[in-house]
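Before any comments, here is the structure.
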Amino acid sequence: MKTERTLAIIKPDAVQAGHIGHILTRIEQAPLRIVAMRLVRLDRESAANFYREHAGRCFFNDLCQYMSSGPVVVILLEGEGAIARWREMIGPTDAAAAPPGTIRGDFGESVQNNAVHGSDIAEHARFEINF
């Protein structure tokens with residue numbers, strides 16, 4: 001497997017619930033390397049630009065409002081097969097369908113409040129990292 005980079009975001013619900021440390025521990029045990037990390041608060045415009053591929057979908061406005069509702073932790077991850085490894089760790093988008101042991105299964109609440117974001121393919125990872 002080749003070494004690659006991907007973006008992870010610990011979303012407002014998980015930050016507010018105090019799960020940052022638990023999620024970072026899982027990343028380090030993956031093993032994925034944390035290359036950079038920052039606590040930020042997205043404004044509505046930044047959230048809309050980040051999720052622009054979903055513009056026009058019924059959930060877009062709620063997603064942008066949610067992602068700008070509180071601080072998030074933005075993390076640049078690196079490792080062998082980092083995109084697939086991170087996606088496997090986080091589980092399905094719908095936290096209710098995510099199995100125990102995945103980040104979304106253990107810390108998520110719903111499709112929207114699902115604790116973390118993860119780039120799904122290399123093209124999206126490049127865009128999101130540069131964002």
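What you see is a predicted model; the values in this text were computed from it and never measured. Side-chain atoms are counted along with the backbone in the values below, which use heavy atoms only and exclude waters and symmetry mates.
- The CD atom of Gln16 sits 9.5 Å away from the CG atom of Asn113 when rounded to the nearest 0.5 Å.
- Counting all heavy atoms, side chain and backbone alike, Arg52 lies closest to Phe127 at NH1-CE1, 2.7 Å.
- Expressed to the nearest 0.5 Å, how far CD1 of Ile10 lies from CD1 of Ile23 amounts to 4.5 Å.
- The shortest non-hydrogen separation linking Gly108 to Ala95 is C-CB, 3.5 Å.
- Taking the centre of each ring, His117 and Tyr51 come in below the 6.0 Å mark.
- The closest side-chain heavy-atom distance from Thr102 to Glu88 is not below 4.5 Å.
- Under the salt bridge (charged side-chain N to carboxylate O under 4.0 Å, His left out) criterion, Asp13 pairs with no residue at all, not counting sequence neighbours.
- The cluster map of Ile, Leu, Val, Met, Phe, Trp and Tyr, joined by side-chain heavy atoms under 4.5 Å apart, puts Ile121 and Leu77 in different clusters.
- Judged by distance alone, the side chains of Ser46 and Asp43 do bring a donor and an acceptor atom under 3.5 Å apart.
- By the 4.5 Å heavy-atom criterion applied to side chains, Pro12 and Val72 are counted as neighbours.
- The CZ atom of Phe59 sits 9.5 Å away from atom SG of Cys64, with the distance rounded to the nearest 0.5 Å.
- Applying the salt bridge (charged side-chain N to carboxylate O under 4.0 Å, His left out) test to Arg33 and every residue at least two apart in sequence or in another chain returns Glu78.
- The residues Arg104 and Asp94 are annotated as not salt-bridged, no charged nitrogen and carboxylate oxygen being separated by less than 4.0 angstrom.
- Between Phe107 and His19, the ring planes lie tilted relative to each other; the angle falls in the 30° to 60° range.
- Here CZ of Phe131 is found 5.0 Å from CG of Asn49. Values are rounded to the nearest 0.5 Å.
- In this structure, the side chains of Val116 and Ile9 stay at 4.5 Å or more apart for every pair of heavy atoms.
- For the salt bridge (charged side-chain N to carboxylate O under 4.0 Å, His left out) test, no residue two or more places apart in sequence or in another chain qualifies with Arg87.
- For Glu123, the CD atom sits in a loose shell: 12 or fewer heavy atoms of surrounding residues, nucleotides or ligands are nearer than 6.0 Å.
- Residues Val15 and Ile20 meet the side-chain proximity criterion, which asks for heavy atoms closer than 4.5 Å.
- Here the side chains of Trp86 and Leu7 are not in contact, with every heavy-atom distance at 4.5 Å or above.
- Residues Met67 and Lys11 meet the side-chain proximity criterion, which asks for heavy atoms closer than 4.5 Å.
- Contact record, Arg5 with Ala125: O-CB, 3.9 Å, taken as the closest heavy-atom pair.
- Inspection of the Ser119 and Glu128 side chains reveals an N or O donor paired with an N or O acceptor under 3.5 Å.
- Checked by atom type, the side-chain pair Asn61/Arg44 shows a donor-acceptor distance below 3.5 Å.
- Here the shortest heavy-atom pairing between Met37 and Ile75 reads CG-CG1, 3.9 Å.
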